[in-house]
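Along the sequence shown, residues carry numbers from 1. Computed from a predicted model, the values in this text were never measured in an experiment.
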Amino acid sequence: MSDGMMSKAATMEIAISRNGVSGALDESLEQDLQQVMVSGPNLNETSIVSGGYGGTTEGIIPTGAMKGPAVQFNPNYIGVRPPHAQTQGAMSQQCSSHSALTAEELNRGLAVEKFDLVKKWGINTYKCTKQMISERFGRGTRTVDLELETQIELLRDTKRKYEGVLHLARALTAHFYSLVQTQRALGDAFSDLSQKSPELQEEFGYNAETQKLLCKNGETLLGAVNFFVSSINTLVNKTMEDTLMTVKLYETARLEFDAYRADLEELSLGPRDSATLCRMEVAQQNFQSHRVKYEKLRGDVTIKLRFLQENKVKVMRKQLLLFHNAISSYFAGNQQQLEASLQHFNIKLSSLATDKPSWLEEQ
């Protein structure tokens with residue numbers, strides 16, 4: 001309270017010394033205070049005084065010369081955020097940085113995994129190529145199963161011969177189909193001429209009937225030959241091909257097994273330092289894994305070859321018998337026997353009635 005009164009008294013004294021009128025000062029001061037309270041201070045009509053009271057006018061800077069607003073808006077100024085806004089911003093920034101870091105680590109992990117796969121593939125390809133070249137030039141040794149190799153070569157030779165039979169059977173089907181169509185057209189021509197030639201009506205008539213009968217029997221035989229072709233195609237291009245795919249996997253496993261075996265033998269002949277021992281341990285592990293793979297595939301090939309032989313005998317015995325009966329019945333002109341032979345496609349033969357149906361027939 002006393003401080004406020006002293007400052008007011010000081011102000012009053014300064015005002016009196018300048019204007020000399022006390023009443024005018026009170027009214028002017030009250031108006032100025034009301035104006036300040038309502039509209040704020042008018043900076044354009046004030047002066048900035050330097051040096052305190054009683055100083056010279058050299059330190060006075062008139063603000064009326066300053067243009068523009070006293071306070072300007074700065075769009076780059078962020079200001080002071082509330083505490084919860086700062087926390088949310090920090091959390092979102094941490095989450096985004098964590099997500100970016102996780103994606104980067106994932107991409108780096110995938111890249112490293114792909115690089116390891118390419119590296120393993122390159123090493124494996126190099127070793128297998130080296131082993132293959134060594135075998136071709138007679139410098140390397142290879143694992144040989146004489147009995148299995150003989151069966152594989154026999155299978156490949158049998159497949160080539162069956163492919164030849166399949167090609168010829170398809171050619172027979174195409175030619176016989178053309179023959180049946182020609183017989184049908186010839187029977188229609190004879191029938192037409194029998195109606196337009198009264199003097200040769202009987203001769204054209206029974207020739208037309210003969211061609212129509214041959215056409216009917218030809219269609220029956222064509223169905224039998226088509227079934228024969230379909231069975232041979234399934235045996236060659238599905239059953240045999242599936243077994244040969246397993247054989248290819250077996251041969252690849254055999255080559256890898258010999259390649260890692262040769263690598264292990266080469267390391268065994270070298271110096272026994274710490275680095276070589278570590279390499280030998282890794283080579284021993286690779287050798288054992290490829291040995292297990294090789295033996296498994298060898299067993300699979302042996303089983304498939306045995307099943308293939310059984311199925312081939314059962315299927316071909318039935319198909320060859322039916323093919324023979326259909327062909328001989330057709331060219332003998334025995335229509336009843338031809339139709340009976342065709343019915344055997346849907347029933348079992350008496351000679352095979354006691355045998356277990358093959359895997360291929362059950363499909």
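Taking a 6.0 Å sphere around CZ of R298, one finds it holds more than 12 heavy atoms contributed by other residues, nucleotides or ligands. Within 6.0 Å of CD in E281 there are 12 or fewer heavy atoms belonging to other residues, nucleotides or ligands. Counted within 6.0 Å of NZ on K216, heavy atoms from surrounding residues, nucleotides or ligands total 12 or fewer; the atom is thus considered open.
Side chains of M316 and Y162 form a contact here, defined as non-hydrogen atoms less than 4.5 Å apart. Contact check for Q336 versus N334: side-chain heavy atoms found under the 4.5 Å cut-off. Side-chain atoms of N233 and K238, non-hydrogen and from C-beta on, never get closer than 4.5 Å to each other. In this structure the side chain of K296 never reaches within 4.5 angstrom of the side chain of K293, judged on heavy atoms. In this structure the side chain of L338 never reaches within 4.5 angstrom of the side chain of N325, judged on heavy atoms. By the 4.5 Å heavy-atom criterion applied to side chains, T246 and Y250 are not counted as neighbours. Between T243 and V301, the closest side-chain pair of non-hydrogen atoms is not below 4.5 Å.
Hydrophobic clustering, with ILVMFWY side chains joined whenever heavy atoms are under 4.5 angstrom apart, groups L320 together with L308. Two different hydrophobic clusters hold Y294 and L255 under the rule that ILVMFWY side chains link at heavy-atom gaps under 4.5 Å. Linking Ile, Leu, Val, Met, Phe, Trp and Tyr whenever their side-chain heavy atoms come within less than 4.5 Å leaves F323 and V313 in two separate clusters. Under the 4.5 Å side-chain contact rule for hydrophobic residues, V247 and L249 share a cluster. By the criterion of side-chain heavy atoms lying less than 4.5 angstrom apart, applied directly or through intervening Ile, Leu, Val, Met, Phe, Trp or Tyr residues, L235 is grouped together with L172 in one hydrophobic cluster.
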Would you check, one step at a time, whether the test salt bridge (charged side-chain N to carboxylate O under 4.0 Å, His left out) holds for R156 with E251? CA-CA 14 Å; R156 285 173 173 157; E251 291 176 344; 3.0 Å; yes

Let me see the working for D188 and K212 under salt bridge (charged side-chain N to carboxylate O under 4.0 Å, His left out), right down to the final yes or no. CA-CA 8 Å; D188 293 339; K212 290 181 180 179; 5.1 Å; no

Residue pair K314, E310: steps toward the salt bridge (charged side-chain N to carboxylate O under 4.0 Å, His left out) verdict: CA-CA 6 Å; K314 288 179 179 292; E310 295 177 359; over 6 Å; no

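Between K312 atom NZ and Q309 atom CD the span is 4.0 Å, to the nearest 0.5 Å. The OG1 atom of T125 sits 10.0 Å away from atom CE of M132, with the distance rounded to the nearest 0.5 Å. One finds the CG atom of N237 at 10.0 Å from the CE atom of M240 (value rounded to the nearest 0.5 Å). For the atom pair CZ of R279 and CG of L267, the computed distance is 5.0 Å after rounding to the nearest 0.5 Å. The line from NZ of K159 to CG of L166 is 10.0 Å long, rounded to the nearest 0.5 Å. Atom CG of L179 and atom CG of L222 lie 10.0 Å apart (nearest 0.5 Å).
Checked against the 6.0 Å centroid criterion, the rings of H290 and F257 do not qualify as a close aromatic pair. Residues F176 and Y330 place their aromatic rings such that the two centres sit under 6.0 Å apart. Aromatic ring centres of F190 and Y206 lie farther apart than the 6.0 Å criterion allows.
Classification of K196 and D192 as a salt-bridged pair holds, one side-chain N sitting under 4.0 Å from a carboxylate O.
The closest donor-acceptor contact from the side chain of S197 to the backbone of S194 lies at 3.5 Å or more, if one exists at all. Side chain of N311 to backbone of F307: a donor-acceptor contact under 3.5 angstrom is found. A distance-only check finds no donor-acceptor pair linking the side chain of S191 to the backbone of G187 [under 3.5 Å]. Checked by atom type and distance alone, the side chain of N207 pairs as donor or acceptor with a backbone atom of E203 at under 3.5 Å. Although no hydrogens or angles enter the test, the distance criterion places a donor-acceptor pair under 3.5 Å between the side chain of R261 and the main chain of T141. A side-chain donor-acceptor contact under 3.5 Å links D258 to the backbone of T143. Without hydrogens or angle criteria, S329 side chain to A326 main chain gives no donor-acceptor distance under 3.5 Å. The closest donor-acceptor contact from the side chain of T158 to the backbone of L154 lies under 3.5 Å.
Every side-chain hydrogen bond (donor to acceptor under 3.5 Å, both in side chains) that K161 has, sequence neighbours left out, goes to D157.
Between L264 and M280 the shortest heavy-atom distance is CD1-O, 3.9 Å. Among all heavy-atom pairs drawn from A169 and V225, the shortest one is O-CG1, 4.3 Å.
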